Each structure stands twice: as structure tokens, then as C-alpha cells.
Amino acid sequence: MKRLLSLYGIAFFAFVYAPILLVVLFSFNANPINMMIWDGFTLDWYRLIFGMETSVTESSTYIDTTPQLYSAVRVSFTVALTTTAISTVFGTILALAVARYRFRLAGLYRALLMVPMIMPDIVLGIALLIFFITIGMNLSMGTIIIGHCTFLISYVFVTVSTRLAQLDLSVEEASADLGASPFQTFRKVTLPSIAPGVMGGGLLAFIISMDDLVITYFIAGTGNTTLPIHIWGMLRRGIKPEINAIATLLLLFSIAVAALGLYLRSRQK
Amino acid sequence: MDTDQNRAVTRTFSLRGLTSSPFERGRTRQTDDVSGFNMPAPLEIIGAHKAFRSPEGATVTALDNVSVKLAQAEFMTLLGPSGCGKTTLLRTISGFETLDAGDILIDGKEVTNQPAFRRPVNTVFQRYALFDHMNVARNVGYALEIAGKSKRDIQARVGEMLELVGLEGLGQRNISQLSGGQQQRVALARALAAKPKLLLLDEPLSALDKNLRQKMQQELKTLQRELGIGFIFVTHDQEEALTMSDRIAVLANGKIQQLGAPDALYTKPANLFTADFLGESNLLPVAIERGVATLADGQNFPCSNESAKGTLLLRPEVLRRTAPSEPSLTVQGTVVASYYQGKDCLVDFESPSLGALKANLREFKSLPERGETVSFYASTSDLHVINEVSS
Ligand SMILES: Nc1ncnc2c1ncn2[C@@H]1O[C@H](COP(=O)(O)OP(=O)(O)OP(=O)(O)O)[C@@H](O)[C@H]1O
Ligand SMILES: [Mg+2]
């Protein structure tokens with residue numbers, strides 16, 4: 001039984017990680033035409049991304065899209081950082097409001113806040129597009145940010161709410177009892193206590209925003225290509241080996257963000 | 001006498017000087033006289049009313065016309081069954097509940113409508129409510145940090161407080177690294193750090209085991225005497241209340257049933273509730289006529305109560321096996337059960353004329369057997385008649 005379980009474990013990890021490992025492996029493959037055939041180790045695809053000298057020559061089969069890549073990265077970061085800031089602040093405030101103040105329909109309110117999380121991306125994308133067109137808003141980076149915020153606030157709301165539910169209310173009373181004004185209590189007791197939740201929600205929002213393709217695709221308009229849209233575009237023009245390098249870098253970045261989150265959380269304790 | 005009072009006054013003033021800074025915005029309504037010798041009561045509650053709406057829509061009266069005045073440096077206990085309003089009363093003093101009617105004065109200043117953070121009282125919470133993202137020292141120094149004291153002052157005071165509660169050297173510990181008893185002490189040190197005029201304690205010992213609990217009872221009492229500040233202590237443990245308090249307020253259904261010194265409450269309760277709630281009791285109806293009370297079995301004894309009917313409180317421990325030389329009552333019955341308890345022995349017996357009774361014997365040669373016929377005596381000076389009959 002034990003052996004079966006460990007076999008299952010190995011199979012599971014292989015299933016999950018093999019494709020990712022392949023991408024990482026291919027990003028070092030020198031073969032420019034067919035990445036399934038190993039043609040020796042190279043860092044060319046990374047050099048290409050960073051605009052360095054490479055042995056890859058431009059030809060009819062290969063067009064350098066590095067400038068577009070840079071622009072996409074810039075757009076993605078701008079969008080992700082802005083949405084993270086906005087949705088973290090508003091998601092946290094909403095979570096506090098729902099947890100702290102008893103008002104009629106609080107349950108309904110809570111349920112409505114969950115909806116964007118379970119709503120299919122494609123529905124949300126279409127709905128947002130129609131909404132922006134109806135109110136006559138031109139598609140821009142602004143619409144991407146608004147669109148991302150609509151569902152990322154929900155993610156932050158949920159992570160912060162979970163944390164708040166574990167927080168003993170009497171701790172806030174103790175703070176007031178010791179002379180702290182409501183604002184001081186918030187800053188010195190409530191916020192530090194829910195900080196891991198706020199941070200977790202923020203990181204989640206950042207990663208989801210960086211990664212979103214479907215919704216963004218509907219509301220990006222032209223000229224606001226985010227990294228996922230750019231990669232999608234590259235794929236449609238044929239898989240180019242540098243995609244593996246981009247994917248590997250994205251992977252590294254995500255791991256770094258997650259590690260940062262874990263580190264900050266452990267330092268909290 | 002005079003010098004004593006003088007010292008007390010200077011002490012209070014220095015306490016005030018330290019506590020007032022974060023709280024000084026309160027309205028002032030001094031009730032003390034100008035000479036300064038007659039200090040205002042640390043706490044005065046006048047006609048407090050508080051009702052809650054239960055989720056089912058019914059109205060629950062948690063406080064019903066409660067009036068209390070605390071004396072200087074008094075240890076007062078709020079005692080009563082679950083749901084009688086003890087916590088509610090404490091929370092209206094600390095400012096977490098607002099009164100529907102009535103007034104609260106702390107140290108002579110009206111605070112009825114002041115928010116909790118402006119009131120110069122501190123609380124030891126039942127489940128401690130320590131800040132677990134801060135270490136012990138920061139917990140203890142929190143009130144001073146909020147009041148904007150300098151780092152050096154805070155550090156000095158925190159050291160002092162930790163020493164006071166016997167936690168020297170544990171300042172850098174995390175809360176999770178402390179035992180329950182130690183957390184209790186941190187909560188106490190934290191509440192005392194800002195030198196409040198009045199300390200509120202909501203069942204602070206209920207989470208501790210029996211030995212630790214008794215130790216803490218003594219320590220708290222000693223601490224209160226040394227600090228010379230008022231304590232309002234909530235408990236539903238009557239023994240705890242009897243040992244620790246200067247006065248006990250017995251609460252039931254949001255009303256103060258009786259307020260008085262522990263021995264007075266125990267030996268001379270004013271009503272049936274107090275008699276029954278404090279300790280064990282035999283309650284026997286009596287008819288009173290011209291200064292003589294008569295029991296159901298015809299025995300009588302002198303009684304100064306005015307009413308025509310009353311209830312005799314016969315504490316189990318006033319019953320003895322040997323007839324005293326002074327005038328006494330005799331009760332006879334058949335033993336139903338007897339329990340050996342080490343230093344004493346509890347006897348349940350059934351009297352044909354007076355019903356089920358219990359006796360608590362300190363001196364006994366042998367345990368009365370089940371079915372044995374026994375006689376007990378109580379000297380009439382140990383009797384107390386309550387002007388109330390059970391319905
Ligand atoms: N926030 C509230 N909402 C509704 N009813 C309340 C609220 N707080 C207290 N009550 C009710 O008021 C009454 C007094 O409650 P309180 O907490 O003061 O009792 P207590 O004497 O402290 O009891 P315990 O010994 O169980 O702690 C109870 O009937 C309780 O149900
Ligand atoms: Mg209570």
C-alpha cells in the first residue's frame with residue numbers, strides 16, 4: 001500500500017512537472033527550427049531576449065520581436081502593479097467592512113463579492129467589453145486595469161476575510177482599552193494581525209494580473225499588448241524557441257515572488 | 001490618621017499625573033469637595049440600565065437600575081450566575097457598551113458617553129487578549145507607547161511591571177512561548193502599566209487550574225493592596241469572591257441583589273437569592289409574631305424582623321451534634337447519606353417536620369450511618385431570618 005502511494009506520488013509529480021521541465025530544457029536547446037531535437041546547449045535564446053549578440057540570424061523564418069516583448073513586459077508590469085495596489089487596498093477595506101459592521105444583507109454582499117472568482121473568464125471578458133463600449137470608454141491600459149480590479153478585489157477580499165475570521169475581536173478591544181484610538185488600533189493591532197492575509201492577497205492579485213490572458217484579450221484593444229497576449233501572438237505565428245526562454249524566466253519570476261511572500265510571512269511570526 | 005490621608009492624597013495625585021495624559025479630554029464634573037481630602041470615588045454608577053435585543057427579537061434586560069459606589073482602593077467582586085449581567089456591567093465601565101440610561105463617573109468625572117479609549121480604566125480580559133504579533137515587553141508597554149512616552153520611560157516601566165508580576169527577563173519572549181499562567185501575568189502587567197485608577201478583571205482566573213488559581217488569588221489580592229487602586233473583579237466562583245473581596249455585589253437578572261462585605265453577605269443575607277447562591281443553606285419558613293419566630297414544628301426563638309412571615313437561614317455548619325449550653329434549636333431526622341470530606345463531613349438527613357436538611361460537621365467521632373436517627377443543635381445566636389418567603 002505504502003509503495004503504491006509513493007508510486008502514485010511520483011506519477012503525480014511527473015505529470016505536473018514534466019511539461020514545465022521540458023520547457024526549461026528546450027530553452028537551452030540550440031536547434032532553431034525543431035526544438036524537439038536536441039542540438040546542443042545554448043544561451044542564445046536568453047541573449048536574444050536581452051538584446052545581446054547571438055548566432056541566430058534573421059531570416060524569413062525568424063523575425064526578432066524583442067522590442068514588442070519589452071513593451072509587453074512594461075505594459076504587464078504597469079497593469080499588475082497598479083491593479084495590485086488598488087485591489088489590495090479596496091479588497092482589504094471591503095473585508096474589514098463585512099467582518100466588522102453588522103448590516104442588513106451582509107451575507108448577500110459577501111456572496112456577491114465571491115461571484116467574480118467563479119465567473120468564467122470568457123463571460124467576464126465579454127461583459128466588461130460590452131460595458132466599456134456601452135459607456136463609451138476607449139479600450140486602453142485603463143480598461144485593462146479596471147477589468148482586472150473587478151475580479152482581483154474578490155481574491156484579496158477572500159484571503160483577507162479568512163485571516164480576519166481567525167482574528168480575536170477582543171484584541172482590538174484590548175487595544176482601545178489601553179488608550180488607542182480606532183486608527184491607532186487599526187495600525188498597531190488589526191493591520192499587523194491581518195498583514196499575512198493582505199500580503200498573500202496582494203501577491204495573488206499580482207500573479208493573476210500578470211498571467212491573465214482571456215479577460216485581458218477582450219478589453220486590451222490594440223497597442224496595449226500584455227505579456228500573455230504577446231506570447232499568445234508569438235505562438236500563433238509559429239512556436240519560436242525564445243518562447244521557452246521567456247516562459248522559463250516567467251517561471252523563475254513567479255517562484256521568486258512566491259518565495260518573497262513566504263519569507264515575509266516567516267519573518268512576521 | 002491625618003498623615004495617612006495626606007499620603008494617600010499625594011499618591012493619588014501622582015497616579016493621576018501619570019494617567020491623565022492620554023485621557024484628559026473627558027468632561028469634568030468634580031463631585032469631591034475643594035479641600036482635596038475628600039477624594040472622589042474611583043467609580044460611581046448611578047441607575048444604570050441596559051437592554052439587548054436578542055436575535056429572536058426578544059428584549060433581554062442585562063442591567064436593571066444598577067447603582068454602585070466604589071470606595072478608595074476597594075476590591076469589589078461582581079458575583080452571580082451565568083447571564084446575570086456581570087460582563088455587561090464591566091463593559092459599560094470600560095466603555096464597550098453604552099448605557100440606555102444612567103451615569104458612570106470615574107474618579108469624579110462623568111464618562112457615560114466617552115469612548116473606551118478615553119477612559120482611565122484598564123481591563124484584564126478573560127481570555128487575556130494579548131497581542132501575539134508583539135513580544136511580552138511590547139505588550140506590557142503598549143499603553144505607554146500609545147500615550148507617546150519615551151523609549152526609556154517605557155523600558156523602565158516595563159521592567160518594573162514584569163518584576164511586579166514575577167516575569168523578569170521574559171520581555172523578549174513571544175506570547176506563544178508562554179504558559180497560560182504566564183500569559184495571565186502579562187495581561188495583568190499590561191493593564192497595570194499605565195497606572196489606572198481602576199482595574200477591571202473579567203473572570204481572569206477561570207482558565208487556570210485549581211492550584212495556580214489559588215496562588216493567583218492571593219497574589220492579586222496582595223497586589224491590589226500594594227497598589228492601592230480599585231479592583232472590580234468578575235467571577236461566578238463564590239469561594240473566590242468570599243476570599244478576595246472587600247465587598248461583593250451579588251447580581252441576578254441584571255439587578256444587584258445585595259452589596260456588602262463577604263461575612264455579612266454570608267451570615268446575614270438580605271434575600272433568599274443571596275442566601276441560596278452563597279454557600280450551602282437550609283431555608284425554613286417561619287411565622288413571626290411579637291418578636292418571636294416559630295418554625296413549622298412549633299419550636300420558636302427570638303427574632304427582631306418586622307414582617308409576619310420570613311425564612312430561617314440555617315447554615316449546615318452551624319448544626320452541631322452536642323447541645324450547646326445557650327438557648328438552641330433542635331432538629332431531628334433520619335440520615336439519607338453522609339459524605340466524608342477530610343476536614344469535615346456532610347450529612348443529608350430528612351426531618352419528619354422540616355423536610356430535607358443538610359449538616360456540615362467539623363467534629364465527629366464516627367460518620368453517621370445511613371438510616372440512623374440523629375439530632376442536631378443550632379444555638380439561636382447563629383440564626384438569621386430573611387424577610388422573604390419562597391413562592
Ligand atoms: N451583545 C449582546 N447582544 C444580545 N444579548 C446580549 C449581548 N451581550 C449580553 N447579552 C445578554 O445579556 C445578558 C447578560 O450577559 P452578560 O454577558 O453580562 O452575562 P455574565 O453575567 O457575564 O454571564 P457569564 O457568567 O456567563 O459570563 C445575557 O442574557 C446575555 O445573553
Ligand atoms: Mg461574562
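Every heavy atom of this structure was used, including side-chain atoms; hydrogens, water molecules and symmetry mates were not. The model shown is predicted, which means the values in this text are computed figures rather than measured ones. Each chain gets a letter, A, B and so on, in the order its sequence line appears, and its residues count up from 1.
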Mind checking whether B:F131 and B:H133 have parallel, tilted or perpendicular rings, split at 30° and 60°? tilted

I'd like to know if B:D237 and B:R213 make a salt bridge, using a cut-off of under 4.0 Å between side-chain N and carboxylate O. yes

Chain A contact via B:L130 - which portion, at a heavy-atom distance below 4.5 Å: backbone

Centre-to-centre under 6.0 Å for A:F77 and A:F253, is that the case here? yes

Heavy-atom distances under 4.5 Å only: say whether B:E145 touches chain A with side chain, backbone, both or neither. side chain

Is the closest side-chain donor-acceptor distance between B:E97 and B:T88 under 3.5 Å? no

Most contact-rich option vs chain A, by heavy-atom pairs under 4.5 angstrom, among B:R127, B:M134, B:R190, is B:R190

Counting heavy-atom pairs closer than 4.5 Å to chain A, which one of B:L200, B:T123, B:L144 comes out on top? B:T123

